[in-house]
Amino acid sequence: MLQVSQIIAEKERFIEGLKKRKFPNAEATLAKAIELDEMRKSSQQSLDANLAEANAIAKEIGALMKQGQHAEADKIKIRTAELKAQSKDLAEKKEEVEKELQTLLYTIPNIPHISVPFGASEEDNEVVKLVGEMPVLPESALPHWELIKQYDIIDFDLGIKITGAGFPVFKGKGARLQRALVNFFLDEATAAGFGEVQPPILVNEASGIATGQLPDKEGQMYFVNNDNLYLIPTAEVPITNLYRDVILNEDQLPVKHAGFTPCFRREAGSWGAHVRGLNRLHQFDKVEIVQICKPEDSYKALDGMCNHVAGLLEKLGLHYRILRLCGVDIGFTSALTYDFEVFSGAQKKWLEVSSVSNFETYQANRLKLRYKDSDKKTQLLHTLNGSALALPRIIAAILENNQDEHGIRIPEVLIPYTGFDRI
RNA sequence: AGAGGAGUGGCAGAGUGGUCGAAUGCGGCGGUCUUGAAAACCGUUGUACUGAAAGGUACCGGGGGUUCGAAUCCCUCCUCCUCUGCCA
């Protein structure tokens, strides 16, 4: 969530930024936020003045009672009745304005970083890096949804029976390959200084709001009605919320965490012929990296996280590219996002396997995540996160790209984890 | 899940209707003393909104209520502890 003080200080840049996102009525929306904030202040001031008078009278009554002057006390009580009624009105008005302001601020996305390109669609995402070679596969190469049947390693039909579409069952070497990747990713993250955590995979409403999934993407999360809990769409939610309502000391920064969790996404309305097999699931596994740092360090941190993800893909021998997302494709809460896509040889298409973002203070403002700087002033921190990595599409790419007449070759770095070199 | 108890500042812990944003101790910070350190002593030490400032307002688990006035009384929710039950 943007801060009104920021909006006032950098109005021109914010308007430009919102236009990059094709956000409608940028000027009017920001002006409205500033106006509502003014109203908030003035109604707060009237209410405070009212309460101050009531407090003064209450003290006076207390003093009179002590001296036994009950008649005198009763006399001033008349005024307090008026004040009480007024305070109630003023408080209601204040709450109304505050709520209206908050509702408005919830609708305003983060301001894109200066380097975010303008664009009309995902076609305009900027390719900033291309690494490796296109896999050369024989004509007979099969897409992963055929391979998994042939080798009996992932079973969609079984998942449909016990749960529903989009919940595959990993079997035998498929299950082992997935576990190998998880362990490999976690070991790499640990080596890079990301402290491992295992958070809950159900979260409450406050957590969903703080990282920005709520109220914006309510329908995308599974919800457990009986207990008012949401299944996480990404480990970003619980891990970042570890630091909700926290004031860190400068020497605790940066905070770096990695966590492995299943992720759950309803993906309502986003299904079609182009999302076969492992390309899109309701439940999938992912190792997430999260970083919290001082504002001046966050873009260096973003680069560091990108290098980490790039390193993983290189070790797995995958052909990949990095995209800088354009204004219309970048996520609601993000200021700058790099997507990583691997080439899936048999499908002949790029699959997104990671998204690394800097949220600047957008999440921190909702989280109330701050630190005391060298002047002992508390100020908002920057939050970042990225997938390192999402499993199913990596598996799809490995299966497709590494297939030959003898089966599927396991990447060298994974063999110590799988215990076999071929499926 | 049932019965009982409890939630107060970084921590411990007092406070059962007014002078309480809250005693006291510990911790933190600054200082005196010291070659230095420790001890001792003195001072200081929550967050947010608002205001140029002085100040004002709110916050004693969350929300609501009673009262001129609530940390204190009432309702409700949450969390923790003890006992009983159940369970990986």
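Lettering follows sequence order; numbering is per chain, from 1. Both backbone and side-chain heavy atoms feed into the values below; hydrogens, waters and symmetry mates do not.
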### Interatomic distance at C1', B:rC20 relative to B:rG13, whole Å
16 Å
### Message
Can you identify which nucleotide, out of B:rC49, B:rC68, B:rU57, has its nearest atom closest to the A:Thr80 side chain?
### Response
B:rC68
### Query
Would you call the rings of A:His308 and A:Phe194 parallel, tilted or perpendicular if under 30° counts as parallel and over 60° as perpendicular?
tilted
### Query
At under 4.0 Å between heavy atoms, what does A:Lys77 touch on the DNA or RNA strands: base, sugar-phosphate, or nothing?
base
### Message
Working note: A:His382 + A:Tyr299, criterion ring pair (Phe, Tyr, Trp, His ring centres under 6.0 Å); need CA distance, chi angles, decisive distance, verdict.
### Response
CA-CA 10 Å; A:His382 282 194; A:Tyr299 281 94; 7.2 Å; no
### Message
Within the 4.0 Å heavy-atom criterion, would you say A:Asp74 contacts the bases, only the backbone, or no part of the nucleic acid?
### Response
nothing
### Task
Taking atom P in both B:rC11 and B:rA1, compute the distance separating them and give it to the nearest angstrom.
29 Å
### Message
When you compare the side chains of A:Asn279 and A:Gln347, does any donor N or O come within less than 3.5 Å of an acceptor on the partner?
### Response
yes
### Cationic N near anionic O, under 4.0 Å, A:Asp152 to A:Lys171
yes
### Message
Rounded to whole Å, how long is the line connecting atom CZ of A:Arg366 with atom C1' of B:rA48?
### Response
19 Å
### Query
Is A:Arg79 touching bases, backbone alone, or none of the nucleic acid, heavy atoms closer than 4.0 Å?
nothing
### Query
What's the closest nucleotide to the A:Asn55 side chain, out of B:rU67, B:rU50, B:rU57?
B:rU57
### Query
Of the nucleotides B:rG18, B:rU67, B:rG56, which has the atom closest to the A:Ile61 side chain?
B:rG18
### Query
In dot-bracket notation, what is the pairing pattern of RNA chain B, taking Watson-Crick (N1-N3 plus N6-O4 or O6-N4) and G-U wobble (N1-O2 and O6-N3) contacts under 3.5 Å, with [ ] crossing and | for other strands?
((((((((.[[[..)..(.....]]]((((((.......))))))(((((....))))).[[[[[..)....]]]]])))))))....
### Rounded interatomic separation in angstrom, taking CD1 from A:Ile57 and C1' from B:rC68
8 Å
### Task
Please tell me which of the listed nucleotides, B:rC49, B:rA58, B:rG51, lies nearest to the side chain of A:Arg40?
B:rC49
### B:rU66 and B:rG28, which share atom name C1', separated by this distance in whole Å
41 Å
### Task
Can you tell me, in whole Å, how much space there is between the C1' of B:rC42 and that of B:rU35?
23 Å
### Query
Is the distance between the ring centroids of A:Tyr243 and A:His257 less than 6.0 Å?
yes
### Integer-rounded Å distance: B:rU47 P and A:Lys368 NZ
15 Å
### Query
Do A:Asp285 and A:Gln178 have side-chain N/O donor and acceptor atoms under 3.5 Å apart?
yes
### Message
Looking at B:rA48, I'd like to know if its phosphate oxygens (OP1 or OP2) sit under 4.0 Å from a side-chain N or O belonging to A:Thr378.
### Response
yes
### Task
Let me know the distance between CG of A:Asp48 and P of B:rC59, rounded to the nearest Å.
11 Å
### Message
With nearest nucleotide decided by heavy atoms, which residue, A:Lys88 or A:Leu51, maps closer to the 5′ end of RNA chain B?
### Response
A:Leu51
#### Entry: Whole-Å distance separating the CG atom of A:Leu380 from the P atom of B:rA48
10 Å
## Note on the structure
To the nearest angstrom, the CE-C1' distance between A:Met39 and B:rC49 comes to 17 Å
### Query
Residues from residues 90-97 of chain A sitting under 4.0 Å of RNA chain B, heavy atoms only?
none
### Query
Cut-off 3.5 Å, side chains only: do A:Gln252 and A:Tyr371 have a donor facing an acceptor?
no
### Task
May I ask you to verify if any side-chain N or O of A:Lys75 is less than 4.0 angstrom from the OP1 or OP2 atom of B:rC68?
no
### Message
With a cut-off of less than 4.0 Å, is there a side-chain N or O of A:Arg370 near OP1 or OP2 of B:rA48?
### Response
yes
### Query
Where the side chain of A:Met65 is concerned, which of B:rU57, B:rU50, B:rG18 is the nearest nucleotide?
B:rG18
### Message
In whole Å, measure the gap between the C1' atoms of B:rA71 and B:rU8 for me.
### Response
7 Å
### Message
Rounding to an integer number of angstrom, what distance separates B:rG36 and B:rG51 when you compare their C1' atoms?
### Response
47 Å
### Query
For the side chain of A:Ala58, counting heavy atoms from C-beta on, which of B:rC68, B:rU50, B:rU47 is nearest?
B:rC68
### Task
Look at A:Lys93 together with A:Glu96 and state whether they make a salt bridge at an N to O cut-off of under 4.0 Å.
no
### Task
Salt-bridge test for A:Lys77 and A:Asp74: reply yes if a basic N is under 4.0 Å from a carboxylate O, no otherwise.
yes
### Query
Within 45° of the axis and under 6.0 Å from the centre of the six-membered ring of A:Phe332, does NZ or CZ of A:Lys217 qualify?
no
### Query
Is it the case that A:Asn204 and A:Tyr230 place a side-chain donor and acceptor less than 3.5 Å from each other?
no
### Summary
To the nearest angstrom, the CG-P distance between A:Asn204 and B:rU79 comes to 10 Å
### Query
Taking the same atom, C1', in B:rG55 and in B:rU16, what whole-Å distance lies between them?
32 Å
### Query
Under 4.0 Å: is that the gap between some side-chain N or O of A:Lys372 and OP1 or OP2 of B:rU47?
yes
### Task
Take atom P in B:rU45 and the same atom in B:rG25, then report the distance between them in whole Å.
15 Å
### Message
If you assign each of A:Ala52 and A:Ala81 to its closest nucleotide in RNA chain B, which residue comes earlier from the 5' end?
### Response
A:Ala52
### Query
Charged N to carboxylate O below 4.0 Å: is that the case for A:Lys315 and A:Glu412?
no
### Interatomic distance where CG belongs to A:Asp245 and P belongs to B:rG10 [whole Å]
12 Å
### Message
Please classify the nucleic acid contact of A:Lys377 as base, sugar-phosphate, or nothing, using heavy-atom distances under 4.0 Å.
### Response
nothing
